[in-house]
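Quick notes on the structure that follows.
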Number of protein chains: 2
Amino acid sequence: MSKHNISLKDIARKLGVSIPTVSRALNNKPDIGKETKRKVIELAKALNYEPNQFAINFKNQQSYIIGVIIPKIVHHFFSNVISGIITEAEKSGYSVMLFQSNESYESELKSTQTFKRSMIDGLIISLSDNTHNVDHLKNLQDHKIPVVLIDKVTDMMEASKIVCNDYKGAYDATQHLISLGKRNIAHITGARKPTTTKERYRGYKDALIANGLPVKEGLIKYCDLISEDKGYYEMKNLISQDDRPDGIFCATDPTAIGAINAIKDSGLQIPKDIAVIGFSNWNMAYIIDPPLSSVKQPDYEMGEKASALIIEEIQNIRNEQPITFKTHVMETSLIIRESTVGKKDLNSRDVLNYKIIE
Amino acid sequence: MSKHNISLKDIARKLGVSIPTVSRALNNKPDIGKETKRKVIELAKALNYEPNQFAINFKNQQSYIIGVIIPKIVHHFFSNVISGIITEAEKSGYSVMLFQSNESYESELKSTQTFKRSMIDGLIISLSDNTHNVDHLKNLQDHKIPVVLIDKVTDMMEASKIVCNDYKGAYDATQHLISLGKRNIAHITGARKPTTTKERYRGYKDALIANGLPVKEGLIKYCDLISEDKGYYEMKNLISQDDRPDGIFCATDPTAIGAINAIKDSGLQIPKDIAVIGFSNWNMAYIIDPPLSSVKQPDYEMGEKASALIIEEIQNIRNEQPITFKTHVMETSLIIRESTVGKKDLNSRDVLNYKIIE
DNA sequence: GTGAAAGCGCTAACAT
DNA sequence: ATGTTAGCGCTTTCAC
């Protein structure tokens, strides 16, 4: 309708004052006459004045935008992380720009470039499984754009990191199976590269060792692709082995669900013959029959924390304060359902029945 | 490391030429000496020059950012929509800024304000269930920021809209049950407000009518809250009624899953006694036992389309072209699993076994 | 308390 | 083919 958005200049002209005066009035600066201020504010409101943010961002060289790169949005863990990031960012007036790498290094790289166009103030990133080089991230740091790593982190660069205690989560899950009397516990891992996978594997192994149980190579299966199919397949293999396991800890819920189906199809009982526990507590975990015990990650909270951290670093940089990198390790909790303890140890049947052990 | 990012001015000075000359050289403009151009480009590369996007955006009054507001990120349908939006936007060099309304009108309103700070070029929005007023969106349009509505749309404003054919999807689902010989088909709806819910309800009703079946109020249950618990509860009610249904069409998968559990707990057979079909084909649909038949929405494609449309409108506005509003209706497909046809009509047991009917 | 002037980095129009 | 000028909208500095 109006030809152009109205600017300070318009207000100044109509009021017969100068542009800086209008600016001062509208920004609660000192050195402004009470009456002038009133008139300016009044007219601004009447004209529906809105400051041109392009100009302000340009002047401040600041966008109030946080960039986020994650491997996959359609993913229970990550969508919760994002949700936490956005909610926390909004509290401080920051907006979130989202990219997904689809586990591709090239795509991650490209996103980093595109970000430059929007001049993000900081970046939160969960590395793709195929990222073997982090120069693109160091480059951002060199340009005074702070980077916070979340979940899929790396030692190749110095930065603040948010991780959950994958090691302890895996240890607890394995210990849980052992406490139930299981002695021959198998493990299906995730993709080989990510530190998360390695930590879960380490937790599994250490729990066995701590309990004086042998670590058997034959009971450990590698699943680069995280899917029910792969879990089903590997579980079938395990069942057909001479040395059949009596319990299994899967590094992801989807593989655990595949494992459950394989066990059921083989005519074995869960958890009597083989107990199953997964990791991440996907929303499908309690849908499967029997409901799947799992390790819950503090996904949303990790996102919140990452947001708070990046904003802190952004502000420190602006104020020329030194920033110190911190690594935050957040704790998991054990969600116990029927796939490990059976119905007898839980209360009467309910759609959402489980015990939490922190 | 460097005191400041290097600018055209720096290059100009070092080369003893003027700033516009440098600009011309770097932007492939005509009217530039071949040799000068070479030297400029060379130095720019050597100095690692990167244009200041704040300045460019300021000059162009354009951000290359698309705003997206959806009710919930942690949601199978929406996370797929977002994924489609981002992928398509990236192709044209646009970035995506994401907000969630959590089904709150106030939150939606606030996001619209925050967007202004980042000066988005266009907005894609799926309305919250509680949005009863769209002045905030019309306001954007008045500021020449195009708005595209997706999935949760409204008649309160003129804009391009992307919806899926909820009516036909629901009709097909109901017809599917009827074709299986079911005659007393119940329906659990979603929240009352959204047009999507109403369309699904209408599809259900029309399918009954088209087949000469009565529409019975007693078989229709209203579920404002979409949850397994609510589905479980309403299904239990339906089962205890004198007029027990032999099939049920649920407007959402979570309620359908609750319904399945209720039927199983009542000792009835699925699909023999009661067949169940849901809507949206959540990832949990094939996990439940028996696997749930459902109506698949073209979620990712809807996102892609929305992105393409908003970019088209953004560009039309820039070029002072008139924009015409279009409504795109995208078709659903029927995913048939055991909850309606039983095992006999599907191939041998597989984790992911279903038939698709487009 | 207010105005004049300058500048953020870039590009477009005009002049040479 | 290159330089000069001007301006996008805002804020900051310095005079008065």
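In the text below, chain A, chain B and the rest are named by the order of the sequence lines, each starting its count at 1.
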Can you tell me the distance, in whole Å, between the NZ atom of A/K29 and the C1' atom of C/dG3?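 Atom-to-atom, A/K29 to C/dG3, this comes out as 17 Å.
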
Between the side chains of A/E42 and A/K39, is the shortest nitrogen-to-carboxylate-oxygen separation below 4.0 Å, so that they form an ion pair?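 The answer is no: the pair does not qualify as a salt bridge.
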
Residue whose nearest DNA chain D nucleotide is more 5′ - B/F58 or B/D31: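 Per heavy-atom nearest nucleotide, the more 5' residue is B/D31.
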
Does OP1 or OP2 of [N] have a side-chain N or O of [X] closer than 4.0 Å?
{"X": "A/T21", "N": "C/dG1", "result": "no"}
{"X": "B/K59", "N": "D/dG9", "result": "no"}
{"X": "B/Y49", "N": "C/dG9", "result": "no"}
{"X": "A/S7", "N": "D/dG9", "result": "no"}
{"X": "B/S23", "N": "C/dC10", "result": "no"}
{"X": "A/K9", "N": "D/dG7", "result": "no"}
{"X": "B/S18", "N": "D/dT2", "result": "no"}
{"X": "A/N52", "N": "D/dC8", "result": "no"}

Start at the 5' end of DNA chain C and walk down; is the nucleotide closest to A/K34 or to B/R24 reached first?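 With A/K34 and B/R24 compared, the 5'-side residue is A/K34.
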
Applying a 4.0 Å non-hydrogen cut-off, can you work out what B/N27 is touching in the nucleic acid: base, sugar-phosphate, or nothing?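 The answer is sugar-phosphate, as B/N27 gets under 4.0 Å only of primed atoms, P, OP1 or OP2.
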
Quick one: label B/P30 by what it contacts on the DNA or RNA (base, sugar-phosphate, nothing), any heavy atom closer than 4.0 Å.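 No contact at all - B/P30 keeps every heavy atom at 4.0 Å or more from the nucleic acid.
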
Under 3.5 Å donor-acceptor, A/Q100 side chain and A/I73 backbone: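 Looks like yes, one N/O pair under 3.5 Å.
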
Would you say A/T114 and B/E90 are linked by a side-chain donor-acceptor pair, where the criterion is simply a distance under 3.5 Å?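 There is no such pair between these side chains.
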
B/H75 and B/F78 aromatic ring geometry - parallel, tilted or perpendicular at 30°/60° bounds: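 B/F78 vs B/H75 ring planes: tilted.
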
